[in-house]
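Just so it is clear, the structure is predicted and the values come from calculations on it, not from any experiment. What you see below is based on every heavy atom in this structure, not just the backbone, and it leaves out hydrogens, waters and symmetry mates.
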Amino acid sequence: MTEKSRKVLSFPAPIPAKADYQRVKSNYSAREIKQIFGLSERTIRRWTEAGIVNALPSPEDGSYTYDFQALTLFRRVREKRSQGLTIKQIESELQGQLSLFRPVGGHVARLLTPFEEALLLHEQGNLDSAEFYKQAISEGDNVAEAYCNLGIIDLDSGNVIGALDHFTQSLKHDPRHVEAHYNLGNLYYDAGDFPLARLHYEAASQIEPNFSLVYYNLALVYHRLNNVTGATQALTRYRDLEPGDEEIELVDQLLKVMETGRPAN
């Protein structure tokens, strides 16, 4: 399900596939943070305006962009939620840490780590990013993320075996790495191995129950496995998480078709 192919997969009705591969990026929009971590945009904005999470404001529309350091904080939030803490409890804890560690006298300039340098080069399309990812791995700098992004570079060059190895290495260093599970699910789906695709999509959904895109992909693989109930439940979950999707009417149409078992008009 690569960006180049943009397959259209057919259930009873044609629905555009949303299963693009996911790499760790240097910057994320609020919508992307919402999709990956299942936080409401209101919560994300409140934390941003309170200084709990750092973001770069856009002068044009007042939106925010979040860097990799912010992504690390949101991953900590995910772990806290998996431990049973509520958003209110997590927010209170983050505010306490902010007061304790708030720097005095403004921000301190620092050099980029090899991984951060790799992220910037990767987004510029510079192939030297691979060498910086390898350096990051050798230095123990965001190892799982570096392996995951090396897998994306492999895919872009058509090296599927290399991508499989790098995504697997990512999980070896962090078994809960959502992007690696998600990407392996896509890789196995493209290879026609639907049981393994389901395994990794389900793992991603268990680690991050509010990761909206994974439910769309789960619906695709459940349909391939003739699990209509599972496909319907996954699509319903996707619709609940993404009510503002521009194609939500197509999703609703597909749900009706699957529920009735009749072909689409």
Side-chain angles (χ1 to χ4, degrees), residues 1-9 16-29 32-33 35-37 67-68 71-72 75 112-208 211-214 216-218 220-221 224:
M1 299 180 188
T2 64
E3 192 67 34
K4 295 178 182 178
S5 66
R6 298 297 297 173
K7 289 194 195 70
V8 175
L9 302 178
K18 300 178 185 295
D20 295 332
Y21 288 90
Q22 298 283 307
R23 67 177 174 83
V24 181
K25 302 193 296 182
S26 63
N27 289 289
Y28 292 80
S29 67
E32 288 173 320
I33 294 295
Q35 285 183 327
I36 296 170
F37 296 97
D67 64 11
F68 178 71
L71 187 73
T72 301
R75 285 183 172 170
L112 294 177
T113 67
F115 181 74
E116 291 169 334
E117 185 74 27
L119 287 180
L120 294 178
L121 291 172
H122 195 165
E123 293 190 353
Q124 294 168 5
N126 190 325
L127 296 180
D128 288 342
S129 60
E131 295 306 313
F132 279 92
Y133 283 134
K134 292 174 184 177
Q135 182 182 345
I137 291 169
S138 68
E139 295 182 10
D141 176 18
N142 293 290
V143 174
E145 287 76 13
Y147 272 122
C148 181
N149 283 7
L150 281 173
I152 296 296
I153 292 174
D154 285 329
L155 283 175
D156 289 341
S157 65
N159 183 4
V160 176
I161 299 301
L164 176 64
D165 179 60
H166 282 131
F167 293 146
T168 303
Q169 286 293 326
S170 179
L171 290 181
K172 179 179 178 181
H173 286 82
D174 180 3
R176 293 176 58 81
H177 197 277
V178 172
E179 290 91 345
H181 276 297
Y182 183 77
N183 290 336
L184 278 169
N186 289 350
L187 204 62
Y188 284 121
Y189 190 102
D190 280 342
D193 193 333
F194 303 122
L196 276 178
R198 181 194 64 191
L199 176 69
H200 286 286
Y201 286 147
E202 288 178 345
S205 70
Q206 290 169 9
I207 296 166
E208 181 45 77
F211 181 16
S212 60
L213 295 182
V214 75
Y216 197 100
N217 294 3
L218 265 173
L220 299 178
V221 78
R224 291 289 191 174

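Aromatic pair F194/Y188: ring centres not closer than 6.0 Å.
Evaluation of the ring-ring contact (aromatic ring centres under 6.0 Å, His included) rule for F115 yields F68, Y133 as partners, not counting sequence neighbours. A search for ring-ring contact (aromatic ring centres under 6.0 Å, His included) contacts involving F167 returns nothing, not counting sequence neighbours.
Here the CG-CG distance, from L164 to D154, works out to 10.0 Å after rounding to the nearest 0.5 Å. To the nearest 0.5 Å, atom NE2 of residue H173 and atom OG1 of residue T168 are 12.5 Å apart. Atom OG of S129 sits about 12.5 Å away from atom CD of Q135, to the nearest 0.5 Å. In this structure, D67 CG and Y28 OH are separated by 10.5 Å, a value rounded to the nearest 0.5 Å.
Using a 4.5 Å heavy-atom threshold, the side chains of H177 and E145 count as touching. By the 4.5 Å heavy-atom criterion applied to side chains, I152 and N183 are counted as neighbours. The shortest distance between side-chain heavy atoms of N149 and L119 falls below 4.5 Å.
Residues A146 and I137 approach most closely at CB-CG1, 3.6 Å, considering heavy atoms. Summarising the geometry of F132 relative to P114, their closest heavy-atom pair is CB-O, 3.6 Å, with the distance given to 0.1 Å. Between H181 and I207 the shortest heavy-atom distance is CD2-CD1, 3.6 Å. Nearest approach of S29 to E32, heavy atoms of both residues: N-OE1, 2.9 Å. Closest of all the heavy-atom pairs between C148 and E179 is SG-CB, 3.9 Å. Minimum interatomic distance between L171 and H200 (heavy atoms only, all atoms of both residues): CD1-CE1, 4.0 Å.
If you check the side chains of N217 and Y182, you find a donor sitting under 3.5 Å from an acceptor.
Of the possible donor and acceptor atoms, none in the side chain of H122 sits under 3.5 Å from a partner among the backbone N and O of A118. Between the side chain of S170 and the backbone N or O of H166, no donor-acceptor pair lies under 3.5 Å. Listed for the E131 side chain is no donor-acceptor partner under 3.5 Å among the backbone atoms of D128.
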Stepwise side-chain contact (heavy atoms from CB on, under 4.5 Å) test for L184 and L199: CA-CA 9 Å; L184 278 169; L199 176 69; over 6 Å; no
Verify side-chain hydrogen bond (donor to acceptor under 3.5 Å, both in side chains) between N186 and Y201, making sure each step is shown before the conclusion. CA-CA 8 Å; N186 289 350; Y201 286 147; 2.4 Å; yes
